[in-house]
Structures are given as C-alpha cells and as structure tokens.
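Order of listing sets the numbers, starting from 1, for every ligand and every atom in it.
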Amino acid sequence: MPIHEKSLIRPENLAVHEHLEIEGIDVSGHWSTFIGSRVVTDYNEALEEEIAALPGGEFIHRCWQCGSCTNSCTVNALNPDFNPRYWIYLIRTGMEAELLRDKDIIWQCVSCHKCTHVCPRDVVPEGVMKATAHWLELKGHTPKSRSMIFDEVFSEQVFQTGKIEDGRVIMRFFKRSGQALLQPWLVEMARRMLRNLPLGLMTRMGLASLIKPRTSGWGDARAAIREYVDERQAHHRKALGLDASPGLDASPRLDDLVQAAKEI
Ligand code: SF4
Ligand code: SF4
C-alpha cells in the first residue's frame, strides 16, 4: 500500500484565466494555471511542547517521518486525509493553522494501535492522536467530543463510589450526550443478556444499578485521586497557556465532576 500524502497546494490557491493571451499566444484555461504564493506567518513555536505535555504526546519529538504509521493506519485506508505522519510533522514544525484545517477528522482515530506497533521510534502515534484531539478540545477549537463526555461520566462514577456500574454509565452518557436511550443495538444487547445470562448474575446487576454500592473506606482514596487529578489538570492548563484564559479550559475539575454525578 502506498503512503498516502497530502498535497500542500490548496485548491483556493490555484488561479486559472479563462481568457488570456500572452505575446499573441492563447494560454487560456488549463495553460494559464498559476499557484498563488503561500506564506506561513502564524507559527506556534510551543505547539510540540503543548502536545507533549498531554497524555500520549510525550514521545512526539522522536518521530523521524518514516510514514509507517500512516501506511499502516486503519482510518487512512478509508480516508486518505487522515494522516498521522503529516499531523506530527505539522505539530513539530509549529504549523498550527495547517493542523486546524484537519481538526474535524483528527478525532476519528479508532485506537487500533497498528501505528504504534510499526513505529520504529516508539513515538506512540496513537497517543499523539489522542493528545492532539484533547488539545483541540482544551483550546476550544472543537466542541467536547462524545469520547470526552464518556470519559467524564466514567470518571465521575469512580470518584463518587469507587465502583463502576455499566448500566448507569451508559444511561448517564446517553443523557448527557443528548442521545436516545433506546438505541437499537442496546435494546438487542439487553434482550440477549436477558435470554442468555444466568439469573443470579442478572439479579446482582439489577440490584447494583438500584442500590449504587460504594467501596468501603473510599474517602481516603478519593482524596488521593482528587489531589492527583487536580495536579495533572493544572499542569496541562499551564502547558497550554490556559491559566491566563480560564474560560477556554474545557476540562472540568474533579469537584465539578463529583457534584455533577450527585445531581444525576
Ligand atoms: S511510524 Fe513513527 S517515526 Fe515513522 S512517521 Fe510515524 S510516528 Fe514518525
Ligand atoms: S491507532 Fe489511530 S492513528 Fe494509529 S493506526 Fe489506528 S486509527 Fe490510525
């Protein structure tokens, strides 16, 4: 499979004169194609450091642009515009405006880790994709993704009770992301569970959903997690220069997450 690359010549920079004659020679149409000059003036020299400060982006500096990640990528095989090697190049050279042109597809990484397995430099490109998607959200370039909403719902329940009850996580996720609870696949899954799972297991799952059990002595663990999460979030905000503009920080603090969980 070839390495799919991206043309740096933008369609809007191509100019064609329908009627043009130069020194008596008709060069109309295709023959008069000009490429407009392209000057990048808005480098973000801190872009690589910002991505490296987020989980998954730590080893981006190791990339030597071999293209193996893009060549093996599951999503690239379906959409040639999805190009991890190219985005790593843009990040390392600080071309933020170019990166933002692809902000609506970067989140499409399916975390298959093929890129990570083939990367000769242990860059962990899958992690870089996650860090970049996270960066886009924190900087306010993209709305909160469903995966971020799921992450919040999942974390809230852990922080609140020290346990995960799948049914409640799914219900909260659908509610908060504005999706109908009666998804056809979910109805089918529930039907098959009712048909095939042992009665005792089903009863325990139902009770857990109603009673909302908590891990005993969870308070101390929650305090430790609170300290760690708040510390990491403060680190990320600082690395992305978000302290000066707190309104841009899309990442909720732990206290807010626990409060949100109590209100549902
Ligand atoms: S496979 Fe690794 S070293 Fe090669 S371009 Fe991708 S991230 Fe860079
Ligand atoms: S983890 Fe993401 S970037 Fe890597 S190969 Fe899979 S879809 Fe592509």
Side-chain angles (χ1 to χ4, degrees), residues 1-10 38 40 42-155 169-170 173 177 179 183 185 232 235-236 239-240 250-251:
M1 184 193 298
I3 296 174
H4 300 287
E5 286 303 345
K6 187 163 180 159
S7 172
L8 290 176
I9 301 174
R10 299 176 185 169
R38 180 170 164 271
V40 180
D42 53 352
Y43 284 103
N44 174 359
E45 292 180 9
L47 187 54
E48 182 179 353
E49 286 172 21
E50 291 179 6
I51 298 293
L54 297 174
E58 296 89 346
F59 305 116
I60 189 172
H61 63 283
R62 294 177 178 169
C63 177
W64 61 16
Q65 290 290 297
C66 70
S68 298
C69 50
T70 297
N71 199 22
S72 66
C73 177
T74 303
V75 179
N76 177 269
L78 300 169
N79 177 8
D81 285 339
F82 188 96
N83 192 329
R85 183 212 64 79
Y86 175 64
W87 293 327
I88 290 172
Y89 167 77
L90 295 181
I91 292 166
R92 297 205 63 203
T93 50
M95 294 211 269
E96 183 169 326
E98 284 294 321
L99 184 71
L100 292 180
R101 289 167 64 86
D102 289 334
K103 65 187 173 72
D104 293 326
I105 59 172
I106 291 172
W107 62 270
Q108 290 176 351
C109 169
V110 294
S111 296
C112 64
H113 285 280
K114 285 185 189 170
C115 54
T116 298
H117 286 297
V118 298
C119 177
R121 295 280 294 161
D122 289 338
V123 172
V124 193
E126 186 272 345
V128 176
M129 292 302 98
K130 283 286 178 295
T132 307
H134 193 189
W135 178 87
L136 287 166
E137 289 178 7
L138 289 172
K139 286 272 187 168
H141 295 306
T142 54
K144 196 178 286 183
S145 66
R146 284 184 175 172
S147 66
M148 177 67 97
I149 294 172
F150 185 87
D151 183 50
E152 286 178 11
V153 169
F154 189 94
S155 303
V169 170
I170 289 173
F173 168 65
S177 57
Q179 299 180 75
Q183 308 269 341
W185 66 269
R232 296 311 303 164
H235 171 71
H236 297 159
L240 271 59
S251 179

Atom 1 (S) of ligand 1 - nearest protein heavy atom and its distance: Cys69 N, 3.3 Å
Residue part near ligand 2, for Cys115, under 4.0 Å between non-hydrogen atoms: both
Approximate separation, where rounding is to 0.5 Å, of His235 NE2 and Leu240 CG: 9.5 Å
Gap between atom CD of Glu126 and atom SG of Cys73 - 0.5 Å precision: 10.5 Å
Proximal atoms of ligand 1 relative to Pro120 (non-hydrogen, under 4.0 Å): 1 (S)
Smallest separation among heavy atoms of Arg62 and Asp122, with atom names: NH1-O, 2.8 Å
Modelled atom types, side-chain donor and acceptor of Lys130 and Ser147, under 3.5 Å: no
Heavy-atom closest pair, residues Thr74 and Lys114: OG1-NZ, 3.2 Å
Nearest non-hydrogen protein atom, atom 4 (Fe) of ligand 1: Cys66 SG, 2.3 Å
Proximal ligand 2 atoms for Pro84, defined as those under 4.0 Å from one of its heavy atoms: 3 (S)
Proximity of Gln108 to ligand 2 by residue part, where a heavy atom lies under 4.0 Å: neither
Where ligand 1 meets Gln65 - atom numbers and elements under 4.0 angstrom, heavy-atom basis: 5 (S), 8 (Fe)
Residue portion contacting ligand 1 (non-hydrogen atoms closer than 4.0 Å) for Ile88: side chain
Contact atoms of ligand 2, heavy-atom distance to Val75 under 4.0 Å: 7 (S)
Presence of N, O or S from Cys119 under 2.8 Å of atom 2 (Fe) of ligand 1: yes
Within 6.0 angstrom of Phe154 CZ, more than 12 heavy atoms from elsewhere: no
Minimum-distance pair of heavy atoms, taken over all atoms of Ile106 and Ala133: CG2-N, 4.3 Å
Cys112 near atom 6 (Fe) of ligand 2 via N/O/S, less than 2.8 Å: yes
Residue part near ligand 1, for Arg85, under 4.0 Å between non-hydrogen atoms: side chain
Atoms in ligand 2 with a heavy atom of Val110 nearer than 4.0 Å: 2 (Fe), 7 (S)
Proximity to ligand 2 by part of Pro125, non-hydrogen separation under 4.0 Å: neither
Residue pair Ala53 / His236: nearest heavy atoms and the distance that separates them: O-CD2, 3.4 Å
Ligand-side contact atoms (ligand 1) for residue partner Val123, heavy atom cut-off under 4.0 Å: 2 (Fe), 7 (S)
Nearest-0.5 Å distance that lies between atom CE in Met129 and atom CD in Gln108: 12.0 Å
Those atoms of ligand 2 less than 4.0 Å from some heavy atom in Glu126: 1 (S)
Atoms in ligand 2 flagged as close to His113, the criterion being non-hydrogen separation under 4.0 Å: 1 (S), 6 (Fe)
Considering all heavy atoms, the nearest Asp81-Trp87 contact: O-CZ2, 3.5 Å
Subset of ligand 1 atoms that lie under 4.0 Å from at least one heavy atom of Gly67: 4 (Fe), 5 (S)
Heavy-atom donor-acceptor pair, Asn76 side chain to Asn83 backbone, under 3.5 Å: no
Ser68 neighbourhood, listing ligand 1 atoms whose heavy-atom distance to it stays under 4.0 Å: 1 (S)
Ligand 2 atoms in contact with Met129 (distance to a heavy atom under 4.0 Å): 3 (S)
Whether Arg92 side chain and His61 backbone form a donor-acceptor pair below 3.5 Å: yes
Nearest-neighbour protein heavy atom for atom 2 (Fe) of ligand 2, which is reported as residue plus atom name and distance: Cys109 SG, 2.4 Å
Student check: side-chain heavy atoms of Trp64 and Pro120 closer than 4.5 Å: yes
Residue, atom name and distance, where the atom is the protein heavy atom closest to atom 8 (Fe) of ligand 1: Cys63 SG, 2.4 Å
